[in-house]
Amino acid sequence: MRQHEHSQALNLIQQYFCVPASVVLSRMRARKVAGIARVPMNKLSVLTLLLSSLFFQLGFPASAPSQEKSYNYFDVFIGPSYGKMALGSETALFAPTSRNFYGLEFNVKMNLHKNVGIILLDAGMLFGHTKIPSPLGSQFDAHTSLQSYQFLFGPEVAYRGRQVQLFAHGLFGANHTAAVWDLSNNDSLSLIGRTHFALGAGVGLDVNFKEHFAYRVFQADYIPTLVDGRWEKNYRVSTGIVFRF
């Protein structure tokens with residue numbers, strides 16, 4: 001019995017060490033193929049699916065995580081304003097000819113994108129004083145209060161940095177101007193009141209100092225107004241606080 005086992009071992013040694021290497025490799029491949037052939041088909045399909053999924057994931061980089069919203073929904077601005085406004089064909093009636101107005105500006109913007117928004121309302125309320133010279137002498141001059149209200153809206157583009165925000169907008173709407181005669185007995189008389197189509201083009205700079213607050217260093221607007229077929233030149237500069245929501 002032992003002699004028979006020794007003979008089998010010798011036959012195996014001669015089979016693997018006396019046969020050329022190419023023959024040994026071909027036999028090993030044949031045994032692997034035969035082993036795979038003995039694997040059930042359902043297991044082969046699952047293995048193929050897993051390998052295909054692995055190669056697909058390696059071939060395509062994982063998608064970047066969705067970026068969090070890096071801008072707020074609304075900007076609300078309010079602050080003091082200075083304007084240089086015209087009075088149309090009635091300008092010759094007043095002295096001096098320059099029209100310096102002071103007041104407030106209120107602005108609400110809805111952000112559609114990090115760099116694009118729509119100004120829902122840009123309301124300017126400016127007030128000034130002048131007089132109508134009297135031929136009877138300065139003591140009879142008519143002192144008047146001048147009022148100018150702008151109601152504009154339109155698109156705005158912005159560059160948002162970590163510390164600052166630059167913006168520019170194009171607006172359209174209406175400009176209402178009125179002149180009121182201040183009588184000596186605390187009464188008043190409306191002399192001029194008119195509302196005309198207006199445009200607006202402006203730029204500005206905000207400095208961020210809190211998550212929901214910023215300081216508007218300046219907002220400068222050119223507001224031409226169409227009066228009697230001619231464009232009046234009006235200018236406005238504002239500064240103030242921006243609330244972000």
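This is a predicted model, so every value here is computed, not measured. FYI, side chains are in, hydrogens and waters are out, and symmetry mates aren't considered; it's all heavy atoms of this structure.
Residue Gln165 holds its CD atom at 9.0 Å from CG of Asn115, rounded to the nearest 0.5 Å. Between the OG1 atom of Thr177 and the CG atom of Asn234 there is a distance of 7.0 Å, given to the nearest 0.5 Å.
Scanning all heavy atoms of the two residues, the minimum distance from Phe167 to Leu205 falls at CE2-N, 3.7 Å. Between Asp221 and Gly202, the shortest heavy-atom contact is OD1-CA, 3.3 Å. Across all non-hydrogen atoms, the minimal contact from Ala198 to Ile223 is CB-CG2, 4.2 Å. Of all heavy-atom pairs between Thr239 and Arg216, the closest is OG1-O, 2.7 Å. Scanning both residues, Gly161 and Asn208, for their nearest heavy atoms gives O-ND2, 3.7 Å. Minimum interatomic distance between Met85 and Tyr235 (heavy atoms only, all atoms of both residues): SD-O, 3.8 Å.
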Apply side-chain contact (heavy atoms from CB on, under 4.5 Å) to the pair Asp122 and Gln219, showing each step before the final yes or no. CA-CA 12 Å; Asp122 184 283; Gln219 176 180 325; 3.6 Å; yes

Show the numbers, then the answer: is there a side-chain contact (heavy atoms from CB on, under 4.5 Å) between His196 and Asn175? CA-CA 6 Å; His196 295 289; Asn175 183 15; 5.9 Å; no

Could you give me the CA-CA distance, side-chain angles and deciding distance for Arg160 and Asn72, then say whether side-chain contact (heavy atoms from CB on, under 4.5 Å) is met? CA-CA 11 Å; Arg160 291 177 180 264; Asn72 48 288; 3.3 Å; yes

Run the side-chain contact (heavy atoms from CB on, under 4.5 Å) test on Leu152 and Ile119 for me, step by step, so that the C-alpha distance in whole Å, both residues' side-chain angles and the decisive distance to 0.1 Å come before the verdict. CA-CA 8 Å; Leu152 307 169; Ile119 294 180; over 6 Å; no

Working note: Glu105 + Ser81, criterion side-chain hydrogen bond (donor to acceptor under 3.5 Å, both in side chains); need CA distance, chi angles, decisive distance, verdict. CA-CA 6 Å; Glu105 181 183 356; Ser81 183; 4.6 Å; no

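A distance-only check finds no donor-acceptor pair linking the side chain of His176 to the backbone of Ser148 [under 3.5 Å]. A distance-only check finds no donor-acceptor pair linking the side chain of Ser145 to the backbone of His129 [under 3.5 Å]. Side-chain N or O atoms of Thr144 include none that pairs as donor or acceptor with a backbone N or O of Val180 at under 3.5 Å.
When hydrophobic clusters are built by joining Ile, Leu, Val, Met, Phe, Trp and Tyr residues whose side-chain heavy atoms come closer than 4.5 Å, directly or via intermediates, Val164 is not grouped with Val116. Both Phe106 and Val217 are part of a single hydrophobic cluster, where members link through side-chain heavy atoms under 4.5 Å apart. Linking Ile, Leu, Val, Met, Phe, Trp and Tyr residues whenever their side-chain heavy atoms come within less than 4.5 Å places Phe127 and Phe151 in a single cluster. Placement of Val203 and Val207 within a single hydrophobic cluster is found when ILVMFWY residues are connected by side-chain heavy-atom separations under 4.5 Å, directly or transitively. Follow the hydrophobic side-chain contacts under 4.5 Å out from Tyr215 and you reach Ile78 in the same cluster.
Partner Phe213 forms a ring-ring contact (aromatic ring centres under 6.0 Å, His included) with one of Phe243, Phe245, Phe77 and no other, that one being Phe243.
Through direct or relayed side-chain contacts under 4.5 Å between Ile, Leu, Val, Met, Phe, Trp and Tyr, Tyr102 connects to Tyr82. Under the 4.5 angstrom side-chain criterion for Ile, Leu, Val, Met, Phe, Trp and Tyr, the cluster partners of Phe172 are Phe153, Phe197, Leu199, Leu226, Trp231.
In this structure the side chain of Asn100 reaches within 4.5 angstrom of the side chain of Lys84, judged on heavy atoms. Thr225 has its side chain out of reach of Gln150: every pair of non-hydrogen atoms, C-beta onward, lies at least 4.5 Å apart.
More than 12 heavy atoms of other residues, nucleotides or ligands shown are found within 6.0 angstrom of OH on Tyr222.
Every salt bridge (charged side-chain N to carboxylate O under 4.0 Å, His left out) that Arg244 has, sequence neighbours left out, goes to Asp75, Asp206.
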